[in-house]
Amino acid sequence: MLLIVAAACVLSLVAVGFFNFGWASAGSHDVDATTFGIEQQSSQKKPDTSEVSPATVDDKSDADVLPVQDISDSASLQVASSRDVSAGVQEIAEEEEAARIAAEEAARAAEEAAIQRAADNRAAYLNTFGDLPAGDVDFSIGEEAFVAEWTERINNYLFGSPLAGHGETFARAAWEHGIDPRWSPAISNTESTKGRVCFKQNNAWGWDQTNWPDWDQAINAHVAGLARGYGFTISYSYAQRYCPPNYDNWYRDTLNQMTLI
């Protein structure tokens, strides 16, 4: 009987311990009880974010990094483009240089032709008349020097007259046609006192009953007419043709004026 009672007591104690343990685990506010689940979760290994999966590498490569072949192709295109631009610049520079040389050669040829034209006109005059009554004019110095020299000399001669300041027009026309640059300005004094008394508009030379709209056109027309119809410079024979009624005085007065220029 005593044995049975003792066994019953033991079973009671075990049952009480079991139920107390369950209650503490499920509902107690003990610190160990409240952190039980957290500790268990924290005890699990968290994923290492520093480790990147192959899939991630592939995605990054596709999104942000050009393939090696693409970079190589791009660099090749840039090099080719640079070469193309350099070639174009070089080609343009060569064309410009060729154009400059051609222009210089054309100007040189034109200058040589003008010098030869004046030489031919002078030779024809000397063959006919034997000498140059007003002295020679040097065309061999070239256009720039010729125009500069005679522009200044003619402007000084025409100063204060209606033709003042047109020395360059006289000089360039004489260069172009290969005649004495003093001839036309001197005639303007004999015929109209350097444009002061003109019988026709802007006609200072008593020339061809013509009106001209301005002095430059008139000067070019007169110099061209002298070269075409007379010759290199003044002569007594030309005076007889230019001013038949009074050629003797006309020749003397015009020649005297030429020596002043």
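Bear in mind that the values here come from a model prediction, so they are computed numbers and not experimental data. Residues: numbered from 1 along the sequence shown.
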Taking it one step at a time, do Arg100 and Glu104 satisfy salt bridge (charged side-chain N to carboxylate O under 4.0 Å, His left out)? CA-CA 6 Å; Arg100 183 189 65 78; Glu104 288 181 352; 2.6 Å; yes
Tyr157 and Arg182: side chain to side chain contact (heavy atoms under 4.5 Å, CB included), yes or no, with the steps? CA-CA 10 Å; Tyr157 173 73; Arg182 301 168 293 180; over 6 Å; no
Would Tyr251 and Gln240 satisfy side chain to side chain contact (heavy atoms under 4.5 Å, CB included), going step by step from the backbone distance to the final call? CA-CA 8 Å; Tyr251 174 77; Gln240 290 174 324; over 6 Å; no
Steps toward salt bridge (charged side-chain N to carboxylate O under 4.0 Å, His left out) verdict (Arg122, Asp136): CA-CA 9 Å; Arg122 182 190 294 106; Asp136 202 0; 2.9 Å; yes
Under the criterion side chain to side chain contact (heavy atoms under 4.5 Å, CB included), I'd like the reasoning laid out for Glu143 against Phe146: C-alpha separation, chi angles, the key distance, then a yes or no. CA-CA 5 Å; Glu143 180 177 6; Phe146 179 92; 5.7 Å; no
Show your working on side chain to side chain contact (heavy atoms under 4.5 Å, CB included) between Lys200 and Thr210 and close with a plain yes or no. CA-CA 6 Å; Lys200 293 289 183 179; Thr210 301; over 6 Å; no
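Here the CD-OG distance, from Gln116 to Ser140, works out to 12.0 Å after rounding to the nearest 0.5 Å. If you take CD on Gln201 and CG on Asp214, they are separated by 9.0 Å, rounding to the nearest 0.5 Å. Atom CZ of Arg108 sits about 10.0 Å away from atom CD1 of Ile101, to the nearest 0.5 Å. Asn211 CG to Gln217 CD: the interatomic distance, rounded to the nearest 0.5 Å, is 12.0 Å.
Contact between Pro133 and Ile234 at its shortest, heavy atoms only, is CG-O, 3.4 Å. Closest of all the heavy-atom pairs between Ala164 and Leu158 is CB-O, 3.4 Å. Listed here is the closest heavy atom pair of His166 and Asn155: N-OD1, 3.5 Å. Taking each heavy atom of Arg196 and Ser161 in turn, the nearest pair found is NH2-CA, 3.7 Å. The minimum heavy-atom distance between Gly195 and Trp215, with the atom names listed, is CA-CH2, 4.0 Å. The two atoms that bring Ala134 and Leu255 nearest to each other are CB-CD1, 3.7 Å, heavy atoms only.
In this structure a side-chain-to-backbone donor-acceptor pair under 3.5 Å is present from Ser192 to Ala204. At least one donor-acceptor pair closer than 3.5 Å links the side chain of Asn121 to the backbone N or O of Gly178. Within the 3.5 Å criterion, the main-chain N or O of Ala148 finds no donor-acceptor partner in the side chain of Thr151.
For the residue pair Asn249/Arg252, the side-chain donor-acceptor check at 3.5 Å is satisfied. A donor-acceptor contact closer than 3.5 angstrom is absent between the side chains of Thr190 and Asp253.
Taking 4.5 Å as the limit, every side-chain heavy atom of His177 sits out of range of all side-chain heavy atoms of Leu226. Under the 4.5 Å side-chain criterion, counting only non-hydrogen atoms from C-beta, Trp212 is not in contact with Ile219. Looking only at side-chain heavy atoms (C-beta outward), Glu168 and Val147 come within less than 4.5 Å of each other. Between Pro185 and Leu163, the closest side-chain pair of non-hydrogen atoms is not below 4.5 Å. With a 4.5 Å cut-off on side-chain heavy atoms, Tyr242 and Thr254 do not count as touching.
Grouping the Ile, Leu, Val, Met, Phe, Trp and Tyr side chains by contacts below 4.5 angstrom, directly or via other members, places Tyr238 with Leu126. At a threshold of 4.5 Å between side-chain heavy atoms, the hydrophobic network of Ile, Leu, Val, Met, Phe, Trp and Tyr places Phe159 and Ile187 in two separate groups.
By the 30° and 60° cut-offs, the orientation of the rings of Trp205 relative to His222 is parallel. The aromatic rings of Trp183 and Tyr230 stand perpendicular to each other, their planes meeting at an angle above 60°, with 30° marking the opposite boundary.
The cationic group of Arg172 does not satisfy the cation-pi geometry with Trp175, failing either the under 6.0 Å distance to the six-membered ring centre or the 45° limit from the ring axis.
In summary, the aromatic rings of Phe199 and Trp207 are positioned with their centroids too far apart to meet the 6.0 Å limit. Here Tyr236 and Tyr247 bring their ring centres to under 6.0 angstrom of each other.
With sequence neighbours left out, the ring pair (Phe, Tyr, Trp, His ring centres under 6.0 Å) criterion links Tyr125 to Phe129.
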